[in-house]
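Worth saying up front: this structure is predicted, and the values here are computed from it rather than measured. When a residue number appears, it is its place in the shown sequence, counting from 1.
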Amino acid sequence: MEANNLSPTLNVRDAAVYLKLSKATIDRRISSGDLKSYKNGRLRRIAREDLLDYEARLKSNQSKKGVNKPGKRAGLGVG
């Protein structure tokens with residue numbers, strides 16, 4: 001799924017598929033306030049803009065922490 005093909009609003013499952021995370025992880029991120037959402041009746045919805053903003057923050061945080069940089073191994077502290 002590409003950002004251009006996202007609908008204006010997504011449910012939690014679709015957001016999880018797009019971000020390649022579990023539904024439970026998306027639920028936790030919503031509960032913690034990291035990912036904005038709203039309720040439409042009983043259904044939880046995420047605006048496309050909020051999802052893309054969250055994705056950008058994730059990518060920014062990963063680059064600041066050195067993730068995906070050559071010579072770094074995740075969690076091992078070995079270069």
Side-chain angles (χ1 to χ4, degrees):
M1 187 181 304
E2 293 183 23
N4 296 339
N5 297 333
L6 291 176
S7 65
T9 60
L10 296 94
N11 60 32
V12 172
R13 183 184 59 81
D14 290 339
V17 168
Y18 175 75
L19 293 173
K20 297 179 182 159
L21 297 171
S22 71
K23 182 183 174 299
T25 297
I26 298 297
D27 287 333
R28 282 193 305 273
R29 304 285 165 84
I30 289 170
S31 294
S32 72
D34 290 337
L35 177 58
K36 293 179 186 177
S37 70
Y38 64 95
K39 289 195 91 171
N40 184 3
R42 293 181 354 177
L43 303 175
R44 176 76 51 194
R45 298 287 183 200
I46 302 164
R48 175 179 46 213
E49 295 80 20
D50 292 334
L51 184 67
L52 295 177
D53 287 344
Y54 177 72
E55 180 184 34
R57 287 193 318 267
L58 282 178
K59 288 179 180 180
S60 175
N61 287 341
Q62 287 178 348
S63 65
K64 288 178 185 175
K65 291 180 181 179
V67 174
N68 297 328
K69 288 188 178 178
K72 294 280 184 179
R73 294 172 70 189
L76 298 178
V78 178

How long is the straight-line distance from [atom2] of [Y] back to [atom1] of [X], given to the nearest 0.5 Å?
X: L6; Y: L51; atom1: CG; atom2: CG; value: 6.5 Å
X: S37; Y: L43; atom1: OG; atom2: CG; value: 12.0 Å
X: L19; Y: E55; atom1: CG; atom2: CD; value: 6.0 Å
X: I46; Y: L10; atom1: CD1; atom2: CG; value: 7.0 Å
X: R28; Y: L21; atom1: CZ; atom2: CG; value: 9.5 Å
X: R44; Y: K39; atom1: CZ; atom2: NZ; value: 5.5 Å

Are R57 and D53 close enough for a salt bridge, meaning some N to O gap below 4.0 Å?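 Between D53 and R57 there is no salt bridge, as every charged N stays at least 4.0 Å from the carboxylate O atoms.
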Would a 4.5 Å heavy-atom cut-off, applied to side chains only, mark [X] and [Y] as touching?
X: R29; Y: L58; value: yes
X: K36; Y: Y54; value: no
X: R48; Y: T9; value: no

Same apolar cluster: Y38 and L52, side chain cutoff 4.5 Å: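 Unlinked, Y38 and L52 end up in two clusters.
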Within the side chain of N11, is there an N or O that forms a donor-acceptor pair under 3.5 Å with the backbone of D14?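 It does hold such a pair.
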Could you check whether any side-chain N or O of S31 sits under 3.5 Å from a backbone N or O of D27, counting only pairs where one atom can act as donor and the other as acceptor?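 Here the side-chain-to-backbone pair exists.
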